[in-house]
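Working notes for the structure below.
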Amino acid sequence: IGLGFGVALEGLRFGFAGPWRAMILNREPAGILAQLLCIGIVACFAIPLLAAYPAELSGAQAPIGFAMISGAFLFGAAMQVVLGCGSGTLVNAGSGNPVSLLALPFFALGSFAGAYHLIWWTNLGVLPIMTLRGASGLVVTLVGLTVVAIVLLLLSKPNARVIPRRYLIAALVLAGLSVLNLVVAGQPWGVVYGLGLWAAKGVTALGMDLSGSTFYATVVSTERLNANILTDYTSITNFGMIAGAFGVAAWRSGGLSQRLPTYPARALIATIIAGLLLGYSSRLAFGCNVGAFFSGIATGSLHGWVWFASAFLGAFLGIPIRRLSGLEIDP
């Protein structure tokens with residue numbers, strides 16, 4: 001399934017950060033419309049499945065609070081700096097994008113740090129977890145997605161309202177893989193937890209004591225840290241995405257798909273900072289575009305909608321920061 005995600009995302013040039021940028025700068029909604037279509041298809045399967053098998057399957061559900069909202073805003077900004085969300089960073093790194101290759105290890109470190117401090121942040125105050133369940137929840141979700149799509153169409157250029165064929169194919173393929181991920185792993189498609197786990201395993205191997213973190217001191221976290229990394233579904237999926245993207249890039253060009261431009265020092269510094277923020281903020285926000293926006297809405301969690309709004313606002317901040325950082329020379 002992870003390989004499939006990587007092949008589809010890289011092979012069909014489907015992502016999250018780029019389409020958001022296209023809508024903000026050029027009023028081109030096709031990419032986001034395809035995202036909404038994909039989420040809607042997944043919701044048609046995921047919400048009924050969660051209702052039918054509550055003991056076997058879990059949704060991407062999280063509480064709404066100060067940390068979640070501010071984390072999503074920062075994530076939206078940071079992902080525009082490096083032009084990659086959680087899945088985008090993995091796929092771009094797999095295809096040889098130098099910015100994502102630099103950002104990825106710092107993304108993992110930021111995710112670890114965010115998880116380490118997560119309970120402190122959530123203690124600032126959160127609302128109860130709110131979800132849309134059953135048939136009525138599915139209807140509300142689909143209506144919400146339709147309303148957002150209509151708003152995007154009204155704000156878009158008249159000649160930019162058709163979704164390209166490759167986006168439609170990608171939406172169908174990713175929807176199928178997402179439902180498979182839910183059924184096979186018992187949990188929705190996610191990215192960020194796996195990255196934080198990699199860093200946590202690394203720092204514990206170096207002798208760091210994580211008992212001071214409420215998050216990592218839990219029984220579940222302790223078991224994950226002590227277990228083989230290949231027993232973690234999110235990590236396996238992440239490895240698959242990187243490998244799938246690498247395979248497509250190698251097939252497409254006989255090697256890595258990106259040339260290596262020369263960036264100014266400020267661009268490299270901005271990439272490192274953005275990578276750290278991507279990881280840290282996504283833990284506070286209970287996920288990235290995949291784990292919070294995509295899987296959150298698709299499994300009926302209201303935090304997914306709030307995440308989407310906050311992160312989209314953050315993207316308006318990240319776009320000019322990317323330009324000022326000197327990263328616009330990307331091939």
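Sequential numbering from 1 along the given sequence is applied to the chain's residues.
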Can you confirm whether more than 12 heavy atoms, excluding those of Phe45, are under 6.0 Å from its CZ atom? no
Least distance between heavy atoms, Leu278 atom then Gly84 atom: CD1-O, 3.9 Å
Taking Gln35 for its side chain and Gly15 for its backbone only, find out whether a donor-acceptor pair lies under 3.5 Å. yes
Parallel under 30°, tilted from 30 to 60°, perpendicular over 60°: which one fits the rings of Trp121 and Phe66? parallel
Kindly state whether the ring of Tyr116 and the ring of Phe215 have centres lying under 6.0 angstrom apart. no
Indicate, with yes or no, if the rings of Phe239 and Trp198 have centres closer together than 6.0 Å. yes
Do the side chain of Ser111 and the main chain of Ala108 share a donor and acceptor less than 3.5 angstrom apart? no
Is there a donor-acceptor pair closer than 3.5 Å between any side-chain N or O of Arg266 and the backbone N or O of Leu324? yes
Ring-plane angle category for Phe294 and Trp189, please: parallel below 30°, perpendicular beyond 60°, tilted otherwise. perpendicular
Does Tyr233 OH have over 12 foreign heavy atoms under 6.0 Å away? no
To the nearest 0.5 angstrom, please state how far the OG1 atom of Thr204 sits from the CG atom of Leu210. 6.0 Å
Can you tell me if Thr234 and Gln187 form a side-chain donor-acceptor pair at under 3.5 Å? yes
Taking Thr299 for its side chain and Ala60 for its backbone only, find out whether a donor-acceptor pair lies under 3.5 Å. yes
Examine Trp20 together with Phe308 and report whether their ring centres are nearer than 6.0 Å. yes
Quick check for you: to the nearest 0.5 Å, what is the distance between Leu225 atom CG and Leu197 atom CG? 6.0 Å
Would Leu155 and Ile319 show up in the same hydrophobic cluster when neighbours are defined by side-chain heavy atoms closer than 4.5 Å? yes
Evaluate the ring planes of Trp307 and Phe75, with Trp represented by its six-membered ring, and classify them as parallel (under 30°), tilted (30 to 60°) or perpendicular (over 60°). tilted
Assess, by modelled atom type and distance only, whether the side chains of Asp209 and Ser211 contain a donor and an acceptor separated by less than 3.5 Å. yes
Give the minimum heavy-atom separation between Gly194 and Ser235, together with the two atoms involved. CA-OG, 3.7 Å
For the pair Arg21 (side chain) and Gln80 (backbone), establish whether a donor and an acceptor sit closer than 3.5 Å, ignoring hydrogens and angles. no
For residues Ser213 and Ala115, report the shortest heavy-atom separation together with the two atoms involved. OG-O, 4.1 Å
Under 3.5 Å, side chain of Glu28 to main-chain N/O of Lys157, donor-acceptor pair present? no
Side-chain touch Leu83/Val99, heavy atoms, less than 4.5 angstrom: no
Show the nearest heavy-atom pair for residues Ala62 and Ser301, with the distance to one decimal. N-OG, 3.6 Å
Checking Ser58 side chain against Gly186 main chain: does a donor-acceptor pair fall under 3.5 Å? yes
Identify whether Met68 and Val126 are in the same connected component of the hydrophobic contact network (ILVMFWY, side-chain heavy atoms under 4.5 Å). no
Is the shortest heavy-atom distance from the side chain of Leu172 to the side chain of Leu168 under 4.5 Å? no
Could you tell me whether a side-chain N or O of Asn181 sits under 3.5 Å from a main-chain N or O of Leu177, the two making a donor and an acceptor? no
Do you know the tightest heavy-atom contact between Gly304 and Ile297? C-CG1, 3.6 Å
Identify the heavy atoms of Asn92 and Ser100 that sit nearest to each other, and give their distance. CB-OG, 3.0 Å
Please check: side-chain N/O of Lys201 versus main-chain N/O of Ala227, any donor-acceptor pairing under 3.5 Å? yes
I'd like to check Phe312 versus Ile32 (side-chain heavy atoms, cut-off strictly below 4.5 Å). Are they in contact? yes
Hphob cluster co-occupancy, Leu284 + Ile273, side-chain heavy atoms under 4.5 angstrom: no
